[in-house]
S.K.: 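Just passing along the structure, written as structure tokens.
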Amino acid sequence: MIIPQIIINFIIESYPMITQEEKEFLEENGYLNLGVLLSESEVKSINARIEELKEIEGENAGKELIESKYIRHPKEEGADRLADLVNKGEIFDVFYNHLKVLEGIEAVLSKEFKLSSLNYRAAKPGMGLQKLHVDWGNTVVDSNYKVCNSIWLLDDFTMENGSTRIVPKSHKFKLLPDQALQDLFEEHPDEIRIMGRAGSVFIFNSHIWHGGTINHTSTDRRSIHSYFCSRDQPQQINQLKYITKNTAHRIGKKGRYVLDV
């Protein structure tokens, strides 16, 4: 198989940013903390743009999710959503172009991957609890992974504010959560929380058991998900359908390859 030159360029543009030990940890446990990739000023600017979009879109916020036939639960009670951030400002380009993130995604999906969707989610006070679930067709796979997520923390993630829970190594389980558990909302004995300061990024294999938890604080818990899939899978958001001329011109060849447009 001939590897596209654009993928080769991902590798040679910089020295590897993820160590072999980190790749092995990701493969074994299903998640990896990439550390802080956004500065405080970048987080502040992103959150300001998010507030602008929420004001502009109003009741139509997240409508692209509703239009997608590949998202099973487009509307989520207790969480604010925005979608198709690819086309809503240059400020969001980093979420699917950052070389460290792409290297981590490649470690899970191999070289043939693309962006599936770029969405915002904020768990509202007193809300945010999700079932333990997987993100690909509710199907067990045997190391032939199809989807991988990166979660960008726009607030500090703590035990109190609804941080994401995952069950390490569950991407290798032979059963799905709804096959193995009586109560999908109940705390799993092996679950851990994704916690860190705003600006941090975590990658997790989306075949891992995971879900949001209750936000016990008085403010929203905000994040952006850049969600990737293998190139043989449909995107959650059809990037070709929504791509604008300005976006296509701005992001160049590499960006267009990642979006598959």
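Keep in mind that the numbers below use all heavy atoms, side chains included, and drop hydrogens, waters and symmetry copies.
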S.K.: Specify the closest pair of heavy atoms between Leu26 and Ala107, including all atoms of both residues, with the distance to one decimal.
M.R.: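 Answer, listing the atom of Leu26 first, then Ala107: CD2-CB, 4.0 Å.
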S.K.: With a 4.5 Å cut-off on side-chain heavy-atom distances among I, L, V, M, F, W and Y, is there a chain of contacts connecting Leu154 to Val36?
M.R.: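 Not linked; separate clusters.
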S.K.: Let me confirm one number: the CD1-CG distance from Ile166 to Leu132, rounded to the nearest 0.5 Å.
M.R.: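 These two atoms lie 11.0 Å from each other.
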S.K.: Checking His133 side chain against Lys131 main chain: does a donor-acceptor pair fall under 3.5 Å?
M.R.: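 Such a contact is found between His133 side chain and Lys131 backbone.
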S.K.: Go through the steps for Ile237 and Tyr242 under the test side-chain contact (heavy atoms from CB on, under 4.5 Å), then give the verdict.
M.R.: CA-CA 8 Å; Ile237 299 292; Tyr242 289 101; 3.6 Å; yes
S.K.: Could you list the residues that satisfy side chain to side chain donor-acceptor pair (under 3.5 Å) with Asp232, not counting sequence neighbours?
M.R.: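 Partners of Asp232 under the side chain to side chain donor-acceptor pair (under 3.5 Å) test: Lys146, Ser230.
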S.K.: Ignoring hydrogens and geometry beyond distance, is a side-chain donor-acceptor pair present between Asp135 and His210 at under 3.5 Å?
M.R.: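 His210 and Asp135 do have a side-chain donor-acceptor pair below 3.5 Å.
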S.K.: Counting neighbours of NZ on Lys54 that are heavy atoms of other residues, nucleotides or ligands and sit closer than 6.0 Å, is the number greater than 12?
M.R.: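 Yes, enclosed.
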S.K.: Side chains of Glu28 and Glu24, heavy atoms from C-beta outward: is any pair under 4.5 Å?
M.R.: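 Side chain of Glu28 against side chain of Glu24, heavy atoms only: no contact under 4.5 Å found.
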S.K.: Would you check if Val134 and Trp209 make a side-chain contact, meaning some heavy-atom pair closer than 4.5 Å?
M.R.: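 Yes, side chains in contact.
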S.K.: Closest heavy-atom contact between Ser163 and Thr158?
M.R.: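 Smallest heavy-atom distance, with atoms named: OG-O, 2.8 Å.
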S.K.: Ignoring hydrogens, what is the shortest heavy-atom contact between Pro125 and Asp220? Give both atom names and the distance.
M.R.: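 Reported closest heavy-atom pair: CD-OD1, 3.3 Å.
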S.K.: Measure from the ring center of Phe228 to the ring center of Tyr96 and say whether it is less than 6.0 Å.
M.R.: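 No; Tyr96 has its ring centre 6.0 Å or more from that of Phe228.
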S.K.: Report yes or no: does Thr213 contribute a side-chain atom to a donor-acceptor pair with the main-chain N or O of Leu129 at less than 3.5 Å?
M.R.: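 Side chain of Thr213 to backbone of Leu129, a donor-acceptor pair under 3.5 Å: no, none is there.
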S.K.: Membership question, hydrophobic clusters at under 4.5 Å side-chain separation (ILVMFWY): are Phe25 and Ile105 in the same one?
M.R.: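 Same cluster.
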S.K.: Could you tell me if the side chain of Lys254 sits less than 4.5 Å from the side chain of Asn97, heavy atoms only?
M.R.: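 The answer is yes, as the side chains (C-beta and beyond) meet within the 4.5 Å cut-off.
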S.K.: More than 12 heavy atoms of other residues, nucleotides or ligands under 6.0 Å from CD of Glu187: is that the case?
M.R.: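 No, CD of Glu187 has 12 or fewer neighbouring heavy atoms, counting only those of other groups under 6.0 Å.
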S.K.: With a 4.5 Å cut-off on side-chain heavy atoms, are Ile251 and Arg256 touching?
M.R.: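 Yes; the side chains approach each other to less than 4.5 Å.
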S.K.: Does Lys245 offer a backbone N or O that forms a donor-acceptor pair with the side chain of Arg250 under 3.5 Å?
M.R.: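 Answer holds: no.
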S.K.: Rounded to the nearest 0.5 Å, what's the gap from OG on Ser206 to NE2 on His171? Could you check?
M.R.: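 Separation between the atoms: 11.5 Å.
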S.K.: Please determine whether a side-chain nitrogen of the Lys or Arg among Glu22 and Lys100 lies less than 4.0 Å from a carboxylate oxygen of the Asp or Glu.
M.R.: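 The answer is no: the pair does not qualify as a salt bridge.
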S.K.: Any carboxylate oxygen within less than 4.0 angstrom of a Lys/Arg side-chain nitrogen, looking at Lys88 and Glu64?
M.R.: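 Result for this pair is yes, salt bridge flagged.
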S.K.: Between Phe157 and Arg221, is there a cation-pi geometry (under 6.0 Å to ring centre, at most 45° from the normal)?
M.R.: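 Verdict for Phe157: a cation-pi partner in Arg221.
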S.K.: Is there a path of hydrophobic side-chain contacts, each under 4.5 Å between heavy atoms of I/L/V/M/F/W/Y residues, joining Val94 to Phe113?
M.R.: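 Cluster IDs for Phe113 and Val94 match.
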S.K.: For a 4.5 angstrom cut-off between non-hydrogen side-chain atoms, does Glu55 reach Glu52?
M.R.: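 When only atoms from C-beta onward are counted, Glu52 and Glu55 do not touch, as no gap falls below 4.5 Å.
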S.K.: Kindly say whether Phe202 contributes a backbone atom to a donor-acceptor pair with the side chain of Asn33 at under 3.5 angstrom?
M.R.: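 Not confirmed, Asn33 side chain does not pair with Phe202 backbone.
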S.K.: If we ignore hydrogens and angles and just use 3.5 Å, is the side chain of His249 paired with the main-chain N or O of Thr244 as donor and acceptor?
M.R.: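 Side chain of His249 to backbone of Thr244, a donor-acceptor pair under 3.5 Å: no, none is there.
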S.K.: For Gln179, does the CD atom sit with more than 12 other heavy atoms under 6.0 Å from it, leaving out its own atoms?
M.R.: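 Enclosed.
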S.K.: Would you say the side chain of Leu99 lies within less than 4.5 Å of the side chain of Met17, judging by non-hydrogen atoms?
M.R.: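 The answer is yes, as the side chains (C-beta and beyond) meet within the 4.5 Å cut-off.
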S.K.: What is the minimum heavy-atom distance between Glu186 and Arg165, and which atoms define it?
M.R.: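 Smallest heavy-atom distance, with atoms named: O-NH1, 3.0 Å.
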S.K.: With no hydrogens and no angle check, just 3.5 Å: does a side-chain donor-acceptor pair link Asn161 and Thr217?
M.R.: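 Side-chain D/A pair, Asn161 to Thr217: absent.
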S.K.: Quick check with a 6.0 Å cut-off and a 45 degree axis cone: is Arg231 positioned over the face of Tyr257's six-membered ring?
M.R.: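 Judged by the rule (NZ or CZ under 6.0 Å from the ring centre, within 45° of its axis), Arg231 counts as positioned above Tyr257.
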S.K.: Find the distance between OH (Tyr31) and CG (Asn149) and round it off to the nearest 0.5 Å.
M.R.: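 The distance works out to 16.0 Å.
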S.K.: According to a hydrophobic-cluster definition based on side-chain heavy atoms being under 4.5 Å apart (Ile, Leu, Val, Met, Phe, Trp, Tyr only), do Leu53 and Tyr120 belong together?
M.R.: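 Yes.
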S.K.: Examine distances only and state if a side-chain atom of Ser117 and a backbone atom of Gln236 form a donor-acceptor pair shorter than 3.5 Å.
M.R.: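 No, because the side chain of Ser117 does not come within donor-acceptor range (under 3.5 Å) of the backbone of Gln236.
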S.K.: Which atom names give the shortest non-hydrogen contact between Pro234 and Ser116, and what distance separates them?
M.R.: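 Heavy atoms of Pro234 and Ser116 come nearest at O-OG, 4.3 Å.
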S.K.: Pairs in or reaching into residues 150-161: which pass salt bridge (charged side-chain N to carboxylate O under 4.0 Å, His left out), with residues at least two apart or in two chains?
M.R.: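 Only Asp155-Arg222 qualify under salt bridge (charged side-chain N to carboxylate O under 4.0 Å, His left out).
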S.K.: For the side chain of Ser39 and the backbone of Glu42, is there at least one donor-acceptor N/O pair under 3.5 Å apart?
M.R.: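 Flag set: sc Ser39 to bb Glu42 pair under 3.5 Å.
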S.K.: Look at the aromatic rings of His207 and Tyr145 and report parallel, tilted or perpendicular, splitting at 30° and 60°.
M.R.: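 The rings of His207 and Tyr145 sit tilted, inter-plane angle from 30° to 60°.
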S.K.: Please report the interatomic distance OG(Ser41) to CD1(Ile46), rounded to the nearest 0.5 Å.
M.R.: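 Here the rounded value is 9.0 Å.
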S.K.: Could you go through Leu240 and Asp260, starting from their C-alpha distance and side-chain angles, then the distance that decides it, and tell me whether this counts as side-chain contact (heavy atoms from CB on, under 4.5 Å)?
M.R.: CA-CA 7 Å; Leu240 184 59; Asp260 195 25; over 6 Å; no
S.K.: Is there side-chain contact between Val147 and Tyr227, with heavy atoms separated by less than 4.5 Å?
M.R.: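 Of all side-chain heavy-atom pairs linking Tyr227 with Val147, at least one is under 4.5 Å.
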S.K.: Using atom types as modelled and distance alone, determine if a side-chain donor or acceptor of Asn60 lies under 3.5 Å from a backbone N or O of Lys63.
M.R.: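 No; judged by distance alone, with no hydrogens or angles, the pair does not exist.
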S.K.: Could you tell me whether the side chains of Gln233 and Trp136 share a donor-acceptor contact shorter than 3.5 Å?
M.R.: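 Note: Gln233 and Trp136 side chains meet the donor-acceptor criterion.
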S.K.: If we count only N and O atoms by modelled type, under 3.5 Å, do the side chains of Trp152 and Ser223 hold a donor and an acceptor together?
M.R.: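 No - no donor-acceptor pair under 3.5 Å links their side chains.
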S.K.: Under 3.5 Å, side chain of Gln235 to main-chain N/O of Gln239, donor-acceptor pair present?
M.R.: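 A pair under 3.5 Å: yes.
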S.K.: Out of Leu259, Asp84, Leu82, Leu85, which residue meets the side-chain contact (heavy atoms from CB on, under 4.5 Å) rule with Leu118?
M.R.: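 Per the side-chain contact (heavy atoms from CB on, under 4.5 Å) rule, the option paired with Leu118 is Leu85, out of Leu259, Asp84, Leu82, Leu85.
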S.K.: Taking only residues at least two apart or on different chains, which pairs with a member in residues 200-210 satisfy salt bridge (charged side-chain N to carboxylate O under 4.0 Å, His left out)?
M.R.: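 For residues 200-210, and leaving out neighbouring residues, there are no salt bridge (charged side-chain N to carboxylate O under 4.0 Å, His left out) pairs at all.
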S.K.: How long is the span from the CG atom in Leu175 to the CG atom in Leu181, to the nearest 0.5 Å?
M.R.: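 Here the rounded value is 9.5 Å.
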S.K.: Any side-chain heavy atom of Ile203 within less than 4.5 Å of one from Cys148?
M.R.: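 Contact flag for Ile203/Cys148 side chains = yes.
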S.K.: Regarding Asp80 and Arg121, does a basic nitrogen lie under 4.0 Å from an acidic carboxylate oxygen?
M.R.: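 Looking at Arg121 together with Asp80, the answer is no, because their closest N to O distance does not fall below 4.0 Å.
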S.K.: Determine whether more than 12 heavy atoms belonging to other residues, nucleotides or ligands lie under 6.0 Å from atom CD of Glu40.
M.R.: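 Count not over threshold, so no.
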S.K.: Mind checking the CZ-CG spacing from Phe95 to Leu37? Nearest 0.5 Å is all I need.
M.R.: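 One gets 10.0 Å once the value is rounded to the nearest 0.5 Å.
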S.K.: Quick one, Leu34 with Val101, criterion side-chain contact (heavy atoms from CB on, under 4.5 Å). Give me CA distance, side-chain angles, the key distance, then yes/no.
M.R.: CA-CA 8 Å; Leu34 297 183; Val101 173; 3.9 Å; yes
S.K.: Identify the two heavy atoms, one from Thr247 and one from Ile243, that lie closest to each other, and give their separation to 0.1 Å.
M.R.: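 Smallest interatomic distance, heavy atoms only, reads CG2-CD1, 3.5 Å.
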S.K.: Got a donor-acceptor contact below 3.5 angstrom from the Glu103 side chain to the Ile18 backbone?
M.R.: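 Checking the backbone N and O of Ile18 against the side chain of Glu103, a donor-acceptor pair under 3.5 Å is found.
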